[in-house]
Amino acid sequence: MKLPAKSIVLGTLLGGAVGDAMGAPFEGLWADSIPSADSLAASFHKYHGYPNGQYTDDTQLTLATIQSIVEQNDIVVADVARQIAELWRHHSVIGPGGACTQAAERYLATGDHRNMGAPVGQAGNGTAMRTAALGLWFASNQSLIPVVADVSRITHQDSRSVAGGVAIAMAAKQLSSASDINPHSFCRILADACHDINSEMSDLLQLLPNHLNDEAAMDFIAHAGQRTPEFEKPIITPFVIPTVLASIYSILTCPDSWLEAVTFAVRLGGDVDTLGAIVGALAGARHGIDSIPQNLIDCLQDSRDIEVLATRYHLAIPAQDESGG
Ligand SMILES: [Mg+2]
C-alpha cells in the first residue's frame, strides 16, 4: 500500500474545514430552514458574530490533533490531549460541546490525560468530528483501531463515542485507499472496526446500507440508538450514533461529488457544522483537494495555514509498511 497522495491529505483537512464553515450558520436548524445546495455552494452564509468562512470547534480540534502529530512525528495521545486542552486555556473554541469542554477543563486542572474524558452516558459526536484525518495515518485497519480509540477517549469515555471516532477514521482510510466503495462491504469494515468497542454502533452501521434509497432512511438514522427520541421529526442531534450514520449515509448517497455529499449532509438539519465537517473530510479523502470548490477554499478563514499544516501532515505520514505508525 502506498502513501496517501498529497491531494487526499489536503482534501481531508480543507474539506472538513470548508464543510464545517458551510454548516456553521445553520447549526440547530430544521432541514426545511436550510438554503438550497446551490445557495450553499455559491458562498458561505453569514455566521453571526464571526467573519465570513469561519469554521468551528470540529475543525479546531482536528487541527490541534494534527498539529500535535506533526510536532511529535507520531500520534502521542498525551500530547494530542495537551494541544486540545490548550484551545480552552486560550478561550478560543467556537461552539464547543459540553463533553469536550468538561474534558479540557479537567485536563487543565489536573494535567491527567487518562481520566479527562467525559463520563459514560455522555455520548456526543465530539470524537467523530475530529478523527477523519487520523485515518490517513495508518497502514492497516488493525493498527488504526486502538490508537484512534485512545485519541477518542481524550474527550469521551462512553464506548458509543469511542466507536464513532474509530468508525469515521476507518471510513476516511477506506475512502482514501479503496478503488471501489461497495456500500455493504464498506459498512461491514466500519462495523467490524467498532464491534469490540460498542456493538450497538457496529450493528447499526451494518444495517445502514439496507436503508439506501429508502424513504424512511432519515427516521432510522435520526432515531438510531434512542429508546425515546428527543424529536419525532427527523433531525441529526449531536448524539454520536445518528451523526456517524448520517455522515456515512451522505457519502454513500452522493458517492461521486464532494459538493453533493456535503450540501446533502448540511441540508439534513441539526448539528450541521459537525455533519459538514465530517462529510467534508470524508469526501475530501475520497475525491482530493481539486474536488472542493475553489470559491469556498478562497473564502475559508485560515485557509493557507490549514494548507501548510496539511502539507506537513502529508510529509509526516509514515511509509506504509508493517509498522503503520
Ligand atoms: Mg462545531
Side-chain angles (χ1 to χ4, degrees), residues 12-31 33-34 40 44-67 80 83-88 90-105 118 122-134 151-152 154-156 161 164-165 168-169 172 235-244 246-247 250 261-284 296 299-303 305-306:
T12 305
L13 283 171
L14 281 162
V18 170
D20 182 1
M22 183 189 286
F26 311 107
E27 182 181 10
L29 298 186
W30 293 98
S33 305
I34 297 177
L40 292 171
F44 292 117
H45 286 244
K46 183 156 181 50
Y47 182 28
H48 190 69
Y50 293 100
N52 193 32
Q54 180 63 59
Y55 53 82
T56 74
D57 60 331
D58 312 80
T59 299
Q60 291 178 297
L61 270 71
T62 299
L63 298 179
T65 302
I66 301 304
Q67 182 70 36
V80 174
Q83 288 272 9
I84 286 174
E86 283 296 310
L87 294 168
W88 272 265
H90 298 297
H91 305 289
S92 60
V93 190
I94 299 172
C100 292
T101 298
Q102 277 181 32
E105 288 175 348
Q122 292 192 40
N125 57 23
T127 53
M129 72 181 192
R130 61 188 160 89
T131 55
L134 287 174
V151 172
S152 298
I154 290 171
T155 54
H156 294 68
S161 294
I168 294 302
I235 187 168
I236 307 303
T237 67
F239 178 30
V240 69
I241 290 180
T243 301
V244 168
S247 299
S250 300
V262 177
T263 54
F264 179 89
V266 168
R267 299 187 73 250
L268 293 176
D271 195 4
V272 297
D273 57 320
T274 296
L275 286 175
I278 296 173
V279 177
L282 294 181
L296 297 178
C299 293
L300 177 71
Q301 289 295 311
D302 305 322
S303 180
D305 292 341
I306 298 170

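Please read all numbers here as calculations on a predicted model, not as lab measurements. We count ligands from 1, going down the list as the structure has it; atoms in each ligand are counted the same way.
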Q. Do the non-hydrogen side-chain atoms of Phe264 and Val279 ever get within less than 4.5 Å of each other?
A. no

Q) Do the side chains of Thr274 and Pro238 get nearer than 4.5 Å, heavy atoms only? A) no

Q) Considering only heavy atoms from C-beta outward, does the side chain of Phe44 approach that of Val18 to under 4.5 Å? A) yes

Q) Are Leu87 and Leu61 close enough that some pair of their side-chain heavy atoms sits under 4.5 Å apart? A) yes

Q. Going by chain and residue number, what protein N/O/S atoms come nearer than 2.8 Å to the Mg ion (ligand 1)?
A. Thr56 OG1, Asp57 OD1, Asp58 OD1, Asp273 OD2

Q.
Contact between Ile154 and Val151 at the side-chain level, heavy atoms closer than 4.5 Å - yes or no?
A. yes

Q) Does a side-chain heavy-atom distance below 4.5 Å link Val272 with Met22? A) no

